[in-house]
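Take a look at the structure below.
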Amino acid sequence: MSIKITLPDGSVREYPAGVSSYDIALSISEGLARNVLSAVVNGEVWDANRPIEQDSSVKLLTWNDPEGQATFWHSSAHLLAEALESLYPGVKFGTGPSIEKGFYYDVDLGEKTLSSDDFVAIENKMKELARQKNEYVRQPIGKADAIKYFTNKGDEYKLELIDGLEDGQITLYTQGGFTDLCRGPHIPNTGAVKAVKLTNIAGAYWRNNQDNKQLTRIYGITFPKQKELDEYIFQVEEAKKRDHRKLGKELDLFAFSEKVGQGLPLWLPKGAMLRERLESFLKKAQLRAGYLPVVTPHIGSKALYVTSGHWEKYGKDSFQPIKTPDADEEFMLKPMNCPHHCEIYKTKPRSYRDLPLRLAEFGTVYRYEQSGELHGLTRVRGFTQDDAHIFCRPDQVKAEFIKVIDLVLYVFKTLGFDDFSAQISLRDPENKTKYIGSDDLWEKAESAIIEAAAERSLNTVTELGEAAFYGPKLDFMVRDALGRKWQLGTIQVDYNLPNRFELEYIGSDNQKHRPVMIHRAPFGSMERFIAILIENTAGQFPLWLSPDQIAILPISEKYSDYAEEVFFALQDDDIRGFVDHRDEKIGRKIRDAEIMKVPYMLIVGEKEQNDQQVSVRKKGEGDLGSMSWSEFSTLFQKEIKENLAGF
RNA sequence: GCCGUUGUAGCUCAGGGGUAGAGCACUUCCUUGGUAAGGAAGAGGUCAGGGGUUCAAAUCCCCUCAACGGCUCCA
């Protein structure tokens, strides 16, 4: 009997029933067969050597397909498991999936603790097993037999996984002497794995639950060629050079002090300058967008947070209340600005004509983050949100939402953040009691967000159960240099606080109505945003943001006075920088300015002084020749205008 | 908070049971220069903090603190 196989180009070929994707590849070319890792069969990824019994569409997957890589890495995880079982008999296995770059396996080694010193031995074992070119053999198994197998083996984690599987849907995979519970698919044999590197080791809770036992998670990555591994390692090293913690130190932007406290960044002069530039940039954009600036204190009475509900929900995990000397008063360091802003709303009766009311504040907040969570500037305990709260009528939610999206997109575009994703976080439909607010309000808010995102053609991913307890949200996610995802901009609908603070406005019907509140922050926090900005730009900020925009470098001390004169003149044109008065040669001054990533160097010596000019050198580009001060100023302002196009 | 690793000069790091090293930065002097490191000298450390083992601890052990890689969490 023969079957029809449709390939991605639309061509249809006939093969005998039971043909595998590998056979199909072989019929096309031997080279392709060598490279085929797995195949999409009727929309599902299958083993390349799994027999196909019916007419099917088949897309062969190789290393060039993300799904092909996923298969490769998943098979590598099994190879790691096989190596571990051979080196550490009795090891129990959790799960071992492929991840974005590589794979991991969670294992229970009993009393044994593993460290990265053990990696070489494990890697060598993996390579040895890979060279055996053992086939990955798929074997469907009944639930009872599967339970029997893993009971015999004594692997309670696999038994727990089987418990959640349906009889008839269970398969085992065996390569060499190792058999694992696995839905597959896998590559044809271990021989394709030529380069192996275990990258790190970590604790990970079984089934991602803090109440469960912590297993040892071993991360690794493999490649079909050693050269690809070398390239990968090189790229990781390059990425580490852009780490904001490293650059923050090198460029004197910020620091931490044990004495000040964990997660409490100190902004150094250059970092503070960068931060101020960003703030004034957004303040200007917000004024144009109809926001009204407000300022509120860093603390608020505990009663404020009892009203808002945050005391009940987060009180015990917050910095604890501050007490006054005599009375029983208690104040909280503010963990957010919204309760204060609600009180501003309430300072007078509001009419529907006043809405939307957009209150904006760069508000510094303090949250007691778990110590293990702190991370450079991206996760800190004291940070400043570019916060605003929009109080609007229910019918205005969608339009306001779109306006905020436009503002966020404008900010991202101006700063060159083109690699981001928009995440829509909705409530978990299975667990509605976790959330505050009626079904009706939630449905309206969720559809407003979805429609607004669609209207602005955002590339969105939707996460169920990720909404805040008070409302759905839209977050703008970016990656840091090492590929970790962080939330920057956020837009959140809130039906909770208006109720708790009993916010009202008088409608056109002369009745009282409840406004809707939208929390939003385009940067998210100054700290995290700047961290990502540093990594995106590798510390080479656009001219308008550079802490020092120019360095004036006198050829010798004789030209110091002239250098000062130029400096003061350019300061009048709002150009920031410094004169390098050190007793060093010009080459040295240039080198140091280059290392500090100063965008423009103005070299002044005898010639420049006589001609009332400056010799302009652009960082990374070199000598631009001599020009008058005002010519330089014009060129400078032009570049800034281009940076801020559309502003 | 949990698992693992790390902590030596301002920075990057070497050393390792017999009481401390390099390069850069810093200070002083010489040098007054033309587009990515001029030369010399000097100063600088309770080897994260505390406890223990030892004749002797920066080195070995324990605790604490902090950083790093993850996990969990994230108003």
Side-chain angles (χ1 to χ4, degrees), chain A residues 99 104 106 109 113-118 199-219 240 243 245-246 249-250 252 255-259 261-263 305 308-315 317-318 334-339 365-376 378-381 385 466 468-471 473 482 484 486-487 490 492 494 496-497 519 528 553-560 582-596 601-608 615-626:
Chain A
I99 52 178
Y104 66 79
D106 285 347
L109 290 150
T113 54
L114 213 58
S115 85
S116 49
D117 297 339
D118 303 306
T199 48
N200 53 55
I201 196 159
Y205 299 107
W206 170 237
R207 304 205 126 181
N208 294 337
N209 185 336
Q210 207 174 160
D211 300 327
N212 288 343
K213 182 165 181 182
Q214 198 161 51
L215 306 180
T216 302
R217 175 169 297 179
I218 302 169
Y219 287 88
K240 282 184 185 161
D243 191 314
R245 293 164 298 187
K246 183 175 157 66
K249 200 178 269 183
E250 287 172 3
D252 291 329
F256 289 90
S257 148
E258 275 191 35
K259 220 162 219 171
Q262 271 190 296
Y305 299 100
S308 72
H310 293 109
W311 171 253
E312 190 192 341
K313 197 155 175 70
Y314 296 101
D317 298 320
S318 300
K334 72 176 171 188
M336 65 230 330
N337 305 299
C338 27
V365 298
Y366 299 90
R367 297 180 184 177
Y368 186 77
E369 304 289 0
Q370 295 183 47
S371 62
E373 265 310 328
L374 300 173
H375 184 99
T378 49
R379 192 81 185 267
V380 286
R381 285 180 170 170
Q385 297 176 311
E466 288 295 308
F469 72 94
Y470 51 75
K473 57 182 182 166
L482 291 170
R484 292 174 286 223
W486 298 95
Q487 173 211 307
T490 181
Q492 314 184 356
D494 188 343
N496 175 42
L497 285 183
H519 308 246
R528 185 177 289 175
L553 313 179
I555 294 287
S556 83
E557 281 168 19
K558 287 190 237 162
Y559 313 105
S560 264
R582 291 177 307 165
D583 177 13
E584 293 290 351
K585 289 192 172 178
I586 194 65
R588 178 54 181 272
K589 293 182 184 179
I590 287 169
R591 178 184 151 82
D592 289 346
E594 289 271 352
I595 287 171
M596 291 308 282
M601 285 151 270
L602 304 184
I603 292 147
V604 295
E606 187 179 8
K607 202 152 40 90
E608 288 76 15
S615 169
V616 179
R617 181 188 163 100
K618 192 167 186 183
K619 193 212 169 295
E621 289 181 29
D623 197 352
L624 301 186
S626 289

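All values reported here derive from a predicted model rather than from experimental measurement. Order of the sequence lines sets the chain letters (A, B, ...), proteins ahead of strands, with each chain counted from 1.
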Ignoring the backbone of A:Gln262, work out which of B:G33, B:G34, B:A67 is nearest its side chain. B:A67
List for me each residue that meets side-chain hydrogen bond (donor to acceptor under 3.5 Å, both in side chains) alongside A:Glu584, sequence neighbours excluded, and say none if there are none. none
Scan residues 203-211 of chain A against RNA chain B and write down, sorted by residue number, each residue with any heavy atom closer than 4.0 Å; if none is found, say none. A:Gly203, A:Ala204, A:Tyr205, A:Asn208, A:Gln210
List for me each residue that meets ring-ring contact (aromatic ring centres under 6.0 Å, His included) alongside A:Tyr368, sequence neighbours excluded, and say none if there are none. A:Phe319
Starting at the 5' end of nucleotides 41-51 of chain B, put B wherever the base has a protein heavy atom under 4.0 Å, S where only the sugar-phosphate does, and a dash everywhere else. -----------
Non-neighbouring partners of A:Tyr470 that pass ring-ring contact (aromatic ring centres under 6.0 Å, His included), sequence neighbours left out: A:His519
If you restrict it to nitrogen or oxygen atoms, what contacts under 3.5 Å exist between nucleotides 9-12 of chain B and the protein, and what is each distance?
none

Could you work out, with side-chain hydrogen bond (donor to acceptor under 3.5 Å, both in side chains) as the rule, every residue matching A:Glu250, not counting sequence neighbours? A:Lys246
Got a sec, which residues hit ring-ring contact (aromatic ring centres under 6.0 Å, His included) with A:His310, two or more places apart in sequence or on another chain? none
Output all residues satisfying ring-ring contact (aromatic ring centres under 6.0 Å, His included) with A:Tyr559, sequence neighbours left out; order by chain, then residue number. none
Apply side-chain hydrogen bond (donor to acceptor under 3.5 Å, both in side chains) to A:Trp311 and list each qualifying residue two or more places apart in sequence or on a separate chain. none
Taking only residues two or more places apart in sequence or in another chain, which ones pass side chain to side chain contact (heavy atoms under 4.5 Å, CB included) with A:Asn209? A:Asp211, A:Asn212
Given Watson-Crick and G-U pairs under 3.5 Å, RNA chain B in dot-bracket ([ ] crossing, | other strand) is (((((((..((((....[..)))).(((((.......))))).....(((((..]....))))))))))))....
